[in-house]
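In what follows, chains carry the letters A, B, and so on, assigned in the order in which the sequence lines appear, proteins first and then strands, with residues in each chain numbered from 1.
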2 protein chains.
Amino acid sequence: MANQLHLSIDRSSPVPLYHQVVQGIEAAIHTGLLEPGSRLENEIDLAAQLNLSRPTMRKAMDELVRSGLLVRKRGVGTQVVSSQVRRPLELSSLYDDLTNNGSKPTTEVLTFAHIEADPATREALHIAAGAKVYHFTRLRKVGGKPLALMENWVRDDITHIDEDLLKAQGLYGILRSGGVNFRLATQRIGAMVANDYQAPLLETEPGSALVTMERTAVDDTGRNVETGHHVYRGDSYSFEMTLVQR
Amino acid sequence: MANQLHLSIDRSSPVPLYHQVVQGIEAAIHTGLLEPGSRLENEIDLAAQLNLSRPTMRKAMDELVRSGLLVRKRGVGTQVVSSQVRRPLELSSLYDDLTNNGSKPTTEVLTFAHIEADPATREALHIAAGAKVYHFTRLRKVGGKPLALMENWVRDDITHIDEDLLKAQGLYGILRSGGVNFRLATQRIGAMVANDYQAPLLETEPGSALVTMERTAVDDTGRNVETGHHVYRGDSYSFEMTLVQR
DNA sequence: CATGTCCGATTGTTAGGACATACTCTGATT
DNA sequence: AATCAGAGTATGTCCTAACAATCGGACATG
């Protein structure tokens with residue numbers, strides 16, 4: 001039980017202490033040093049061992065509980081959750097879900113335009129009549145196999161976008177380089193069957209299943225930066241996420 | 001700017017103070033008292049007005065930031081996010097997503113059995129060979145229209161389940177009554193086309209689009225309580241969620 | 001006029017202490 | 001022997017108190 005997790009805390013680092021603890025415990029869990037189901041020492045002792053205050057220790061554990069790695073129970077203690085659950089850990093995030101998947105995706109830009117926003121886009125991005133947006137469609141392939149057909153609308157008052165940029169890196173990478181700090185996004189996931197336009201591009205048959213995703217992303221200043229409508233091949237893509245009960 | 005949000009804090013209530021603040025601000029936002037985009041007063045003044053300490057106030061605002069209602073910026077202040085984003089607020093939770101939708105859903109139990117778990121179920125629920133589970137399929141209708149076809153496997157060492165119970169209330173209601181405190185769930189959302197078994201039950205055509213969802217739920221003791229495989233009519237159901245950047 | 005610098009405002013981080021509440025186990029009582 | 005009460009332990013909530021980091025605008029300087 002008394003797992004001596006010898007974390008090293010660097011007080012001169014710019015990384016907050018509680019976050020160093022989070023990283024340390026995460027690492028200990030992933031390397032197997034902390035076994036699934038094992039109990040951690042109590043907050044106070046742990047804090048004392050690392051020369052931290054209890055609030056700092058608690059804040060670190062709070063984050064780990066929230067992300068689903070730990071489970072706390074009053075009067076009992078804190079446990080590492082069973083490994084069976086932990087595999088699909090990260091919830092589908094604001095980042096393109098593909099870039100961290102080993103095989104590098106390639107992107108083909110099918111259409112690109114800088115146009116006046118239509119009413120639906122104006123509402124989604126919350127911009128005034130007459131404002132212009134970038135509108136483009138892309139085809140994303142992984143390992144030569146088409147995976148997703150993506151249509152996006154982006155405000156043009158944030159950063160310059162062109163075809164070459166889109167070919168070189170993901171949309172979110174471009175926007176972040178342009179100084180955008182994403183805060184939240186709403187998305188809706190559903191299903192449809194491939195039509196005659198989508199099927200040949202995705203190299204599948206009309207009538208096959210597609211996963212659809214609509215998303216609008218907002219930055220830290222409250223601007224609706226981007227909205228998009230994506231479809232994925234149903235036989236090779238699904239959204240995986242971990243829900244944490246609050 | 002100086003929004004006088006006259007929240008009432010009841011110190012004798014068993015509800016934690018920070019949670020009372022969360023509820024109060026949520027209510028103020030939903031009733032329009034706090035307008036989208038408006039700035040809140042700073043943490044210290046707000047805390048002083050309510051006779052709370054700053055950490056308590058901060059904890060409340062932390063939750064609201066995490067749920068996507070507020071946005072904070074160091075050196076600047078705290079804002080209510082734009083209303084455009086807030087509509088599809090709650091992320092699809094552990095609860096049945098339908099019960100809070102106005103029209104009451106009805107549930108038909110198609111099959112019900114108490115059987116020995118097959119290998120796939122044993123792995124999903126992390127139970128030993130020879131253990132038994134409840135296995136059942138249900139058809140859920142809203143307003144007389146079939147919406148979802150659900151197949152579930154549930155551990156039998158938690159609470160008794162039978163057909164009548166399932167007809168009367170949702171699975172999660174039954175399990176919570178049985179003393180289960182859900183902590184987290186992993187789910188995977190995808191797409192498929194309706195086959196000859198599913199189509200007539202869902203009153204749609206074979207070949208139409210279906211949203212698929214696989215989920216495994218875990219309680220606060222780390223047990224994998226339940227796993228399920230659901231399909232929804234693609235033309236009338238989609239998963240809506242808000243992602244918050246951490 | 002353009003640019004760099006300082007300063008106030010506001011959130012971010014950390015500390016240390018106190019008491020409340022829930023769970024578990026043990027010992028006492030019936 | 002079974003049941004109940006209480007002690008011990010661990011997390012949950014709340015407080016006071018600092019100092020750090022960052023942002024934005026005001027101000028000074030070239």
Is the shortest heavy-atom distance from the side chain of B/Tyr172 to the side chain of B/Glu226 under 4.5 Å?
yes
Round to a whole Å and report the spacing from CZ of A/Arg54 to P of D/dG12.
8 Å
Contact between A/Asp118 and A/Trp153 at the side-chain level, heavy atoms closer than 4.5 Å - yes or no?
yes
May I ask you to list the residues of residues 10-19 of chain B, by number, that have any heavy atom positioned under 4.0 Å from an atom of DNA chain C?
none
Please check if any side-chain donor atom of B/Arg188 sits under 3.5 Å from a side-chain acceptor atom of A/Ser238, or the reverse.
yes
Value in whole Å for how far the P atom of D/dA10 lies from CE of A/Met57
14 Å
Can a side-chain donor-acceptor contact be found between A/Thr78 and A/Arg72 if the only test is distance below 3.5 angstrom?
no
Measure the distance from CD1 on B/Ile9 to P on D/dC14 and round it to the nearest whole Å.
10 Å
Mind calculating the distance between CZ (A/Arg58) and C1' (D/dA10) to the nearest angstrom?
10 Å
Interface limits on DNA chain C, where chain B has a heavy atom under 4.0 Å of a nucleotide atom
C/dA9 to C/dT13
Side chains of A/Leu175 and A/Val154: closer than 4.5 Å at any heavy-atom pair?
yes
Please work out if B/Asp62 contacts a base, only the sugar-phosphate, or nothing of the nucleic acid, heavy-atom cut-off 4.0 Å.
nothing
D/dC14 C1' sits how many Å from B/Leu50 CG, rounded?
14 Å
Is there a side-chain contact between A/Val21 and A/Leu17, using heavy atoms and a 4.5 Å cut-off?
no
Find the distance A/Leu40:CG to D/dA10:C1' and express it as a whole number of Å.
13 Å
Could you check how far CG of A/Leu64 sits from P of D/dT11, rounded to whole Å?
14 Å
Side chains of B/Glu26 and B/Leu64: does their closest heavy-atom pair fall under 4.5 Å?
yes
Between the side chains of A/Asp10 and A/Gln20, does any donor sit under 3.5 Å from an acceptor?
no
Between the protein and nucleotides 22-28 of chain D, which nitrogen or oxygen pairs come in under 3.5 angstrom?
residue, atom, partner, partner atom, Å
D/dC23, O4', B/Arg74, O, 3.3

I want to check something: taking the side chain as every heavy atom from C-beta on, are B/Asn152 and B/Arg138 in contact at a cut-off of under 4.5 Å?
yes
Under 4.0 Å between any heavy atoms, over every strand shown, what does B/Asp45 touch: base, sugar-phosphate, or nothing? Just pick one.
nothing
So A/Met57 and A/Asn42, do their side chains get closer than 4.5 Å, heavy atoms only?
no
Using OP1 and OP2 only, check whether a side-chain N or O of B/Thr56 sits under 4.0 Å from D/dT13.
no
Could you check whether the rings of A/His160 and A/Tyr134 sit parallel, tilted or perpendicular, using 30° and 60° as the cut-offs?
perpendicular
